[in-house]
Amino acid sequence: MGIVTACPSPKPITLQQRLTSIQDIHLRVKITGLSGNTLSEGFITNVGKTFVNIGTKRILFSNISRITVLSDTSSTDTPVTVKTKQGTLSGTLVVIGIDFVEIAFVNPDGIVTPEIIPLSQVIKITCRKK
């Protein structure tokens with residue numbers, strides 16, 4: 001994976017599998033489109049190989065810039081910067097999967113919020129020593 005520098009090895013999990021795990025534990029998500037607009041917010045009701053449903057709205061993975069999980073989560077201690085087609089994000093690494101990266105941020109309320117970014121939107125992932 002040429003876009004990853006100094007990070008732990010990717011885990012054998014796909015975006016479809018990660019979103020299914022979120023669906024199974026009923027966490028709210030917000031899906032942001034390629035132009036930065038919110039495509040949908042709510043609970044995942046179905047996940048396919050190329051799409052996710054929020055309620056009855058189907059969103060293709062190819063139209064997603066990032067997915068915000070609206071719940072506190074755990075992360076690693078590995079600081080990471082992810083350069084995407086839409087900009088640069090910094091946080092701590094949660095996991096690099098087969099076709100996505102998940103990083104966590106501390107939002108203004110002090111809650112750790114993960115962002116799931118399809119690798120199709122990623123230019124470079126750089127991990128740093130803490």
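- A donor-acceptor pair is defined here as one N or O able to donate and one able to accept, closer than 3.5 Å; no such pair exists between the side chain of Thr14 and the backbone of Ile98.
- Summarising the geometry, atom CD belonging to Gln86 is positioned 8.0 Å from atom CZ belonging to Arg66; distances are rounded to the nearest 0.5 Å.
- Distance check: Lys30 NZ to Thr32 OG1 gives 5.0 Å after rounding to the nearest 0.5 Å.
- In this structure the side chain of Glu41 reaches within 4.5 angstrom of the side chain of Leu70, judged on heavy atoms.
- By the neighbour-count criterion of 12 heavy atoms within 6.0 Å, atom NZ of Lys83 is sparsely surrounded, having that number or fewer from other residues, nucleotides or ligands.
- Checked by atom type, the side-chain pair Thr68/Glu115 shows a donor-acceptor distance below 3.5 Å.
- Expressed to the nearest 0.5 Å, how far CZ of Phe100 lies from CD of Gln16 amounts to 11.5 Å.
- For Thr45 (side chain) and Gly55 (main-chain N/O), a donor-acceptor pair under 3.5 Å exists by modelled atom type.
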Could you please spell out the steps behind the side-chain contact (heavy atoms from CB on, under 4.5 Å) verdict for Ile59 and Ser40? CA-CA 8 Å; Ile59 302 166; Ser40 191; 3.6 Å; yes
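- Here the side chain of Glu102 pairs no donor or acceptor atom with the backbone of Val95 at under 3.5 angstrom.
- The main-chain N or O of Pro118 is never found under 3.5 Å from a side-chain atom of Gln121 such that the two would form a donor-acceptor pair.
- Taking hydrophobic clusters as Ile, Leu, Val, Met, Phe, Trp and Tyr residues chained together by side-chain heavy-atom distances below 4.5 Å, Val94 shares a cluster with Leu27.
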Walk me through whether Phe105 and Val112 qualify under side-chain contact (heavy atoms from CB on, under 4.5 Å). CA-CA 5 Å; Phe105 305 92; Val112 178; over 6 Å; no
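- In this structure, the side chain of Lys85 engages the main chain of Ser120 through a donor-acceptor pair within 3.5 Å.
- Of all non-hydrogen atoms in Leu119 and Gly97, the two that sit nearest each other are CD1-O, 4.1 Å.
- Between Ile123 and Ile3 there is no side-chain heavy-atom pair separated by less than 4.5 Å.
- Residues Ile116 and Phe51 do not share a hydrophobic cluster, clusters being chains of Ile/Leu/Val/Met/Phe/Trp/Tyr side chains in contact below 4.5 Å.
- Interatomic distance, Ile31 CD1 to Ile64 CD1, rounded to the nearest 0.5 Å: 4.5 Å.
- Linking ILVMFWY residues whenever their side-chain heavy atoms come closer than 4.5 Å, directly or via other members, places Ile44 and Ile25 in the same cluster.
- Between Ser90 and Val80 there is no side-chain heavy-atom pair separated by less than 4.5 Å.
- The CG atom of Asn46 sits 16.0 Å away from atom NZ of Lys57, with the distance rounded to the nearest 0.5 Å.
- To the nearest 0.5 Å, atom CD1 of residue Ile13 and atom CD1 of residue Ile96 are 13.0 Å apart.
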Derivation of the side-chain contact (heavy atoms from CB on, under 4.5 Å) call for Val69 and Thr113: CA-CA 6 Å; Val69 181; Thr113 305; 5.9 Å; no
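- Cys127 places a side-chain heavy atom less than 4.5 Å from the side chain of Pro8.
- Each of Thr81, Val122, Val101, Ile103 was evaluated against Leu89; a single residue qualifies, Ile103, per the side-chain contact (heavy atoms from CB on, under 4.5 Å) test.
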Go through the steps to decide whether Lys124 and Thr5 satisfy the test side chain to side chain donor-acceptor pair (under 3.5 Å), and finish with yes or no. CA-CA 8 Å; Lys124 187 167 182 81; Thr5 304; 3.0 Å; yes
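- A donor-acceptor distance shorter than 3.5 angstrom exists from the side chain of Asp99 to the backbone of Leu15, with no hydrogens or angles considered.
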